[in-house]
Amino acid sequence: MTRIIRFELEPPYRLAVVFADGKEQAVDLEPVLKGELYGPLKDPVLFRQVYLDPVAGTLAWPNGADFDPDTLYHWDEVAKSFARQLAG
């Protein structure tokens with residue numbers, strides 16, 4: 001199971017995520033901040049409220065948006081298809 005151990009914000013919409021196996025992943029979320037759930041995260045104040053959910057293990061926001069650790073772990077491989085799905 002992929003587990004996030006820490007992360008850092010890198011403005012404007014990037015995260016540096018560190019996983020339990022030592023992998024570090026740069027994640028640029030800007031291309032996927034669309035739609036009803038993820039669109040509100042374009043508000044920098046809301047985006048900076050990201051936290052590591054201790055129960056689900058996801059990176060989450062107060063509006064209910066979250067990203068699964070496996071998705072973030074493989075971000076380089078899945079980012080474009082994720083953005084296409086959100087575009088419709």
Side-chain angles (χ1 to χ4, degrees):
M1 181 174 157
T2 305
R3 190 168 59 88
I4 298 169
I5 57 172
R6 71 178 179 274
F7 70 94
E8 291 182 24
L9 287 165
E10 295 181 349
Y13 303 107
R14 294 175 55 94
L15 300 168
V17 183
V18 180
F19 297 90
D21 67 358
K23 179 178 179 173
E24 297 181 21
Q25 179 70 27
V27 178
D28 181 4
L29 294 176
E30 188 168 15
V32 301
L33 300 184
K34 303 172 184 173
E36 188 175 318
L37 184 60
Y38 297 111
L41 299 181
K42 286 208 85 144
D43 175 347
V45 173
L46 180 58
F47 189 81
R48 287 190 302 267
Q49 294 179 38
V50 62
Y51 63 94
L52 180 57
D53 184 301
V55 176
T58 62
L59 288 184
W61 285 263
N63 72 332
D66 68 349
F67 286 90
D68 180 83
D70 287 328
T71 299
L72 298 175
Y73 192 91
H74 299 286
W75 191 252
D76 292 339
E77 302 161 28
V78 302
K80 288 182 183 176
S81 64
F82 195 93
R84 278 194 301 272
Q85 288 175 355
L86 290 171

Q: Just jot down the salt bridge (charged side-chain N to carboxylate O under 4.0 Å, His left out) partners of Lys42, sequence neighbours excluded, or say none.
A: Glu30

**Q.** Ala83 versus Pro31, closest heavy-atom pair with distance
**A.** CB-O, 3.8 Å

Q: Would you list the pairs meeting salt bridge (Lys or Arg N to Asp or Glu O under 4.0 Å) in which at least one residue belongs to residues 43-58, sequence neighbours left out?
A: none

Q: For Leu37, enumerate each residue passing the side-chain contact (heavy atoms from CB on, under 4.5 Å) test, keeping only those at least two apart in sequence or located in another chain.
A: Ala65

Q: Sorted by first residue and then second, give each side chain to side chain donor-acceptor pair (under 3.5 Å) pair with at least one member in residues 67-81; sequence neighbours left out.
A: Thr2-Asp70, Asp21-Tyr73, Gln25-Asp76

Q. How long is the gap from CD1 on Ile5 to CG on Leu52, to the nearest 0.5 Å?
A. 10.0 Å

Q: Please report the shortest heavy-atom distance between Leu33 and Tyr13, naming the atom on each side.
A: CD1-CD2, 3.5 Å

Q | Selection residues 5-17 - residue pairs positive for salt bridge (Lys or Arg N to Asp or Glu O under 4.0 Å), sequence neighbours left out | A | Glu10-Arg14

Q: Please name all residues satisfying side-chain contact (heavy atoms from CB on, under 4.5 Å) with Pro54, sequence neighbours left out, ordered by chain then number.
A: none

Q | Set of salt bridge (charged side-chain N to carboxylate O under 4.0 Å, His left out) partners for Arg3, sequence neighbours left out | A | none

Q) Cluster partners of Val55, using ILVMFWY side-chain heavy atoms under 4.5 angstrom, listed by chain and number? A) none

Q: Work out which heavy atom in Tyr38 is nearest to a heavy atom in Val32; give both atom names and the distance.
A: CB-O, 3.4 Å

Q) Is Leu29 close to Leu41 at the side-chain level, that is, under 4.5 Å between some pair of heavy atoms? A) no

Q: Return the minimal non-hydrogen interatomic distance between Pro40 and Gly35, and the atom names on each side.
A: CD-O, 3.6 Å

(Q) Return the CG to CZ distance between Asn63 and Phe47, rounded to the nearest 0.5 Å. (A) 11.5 Å

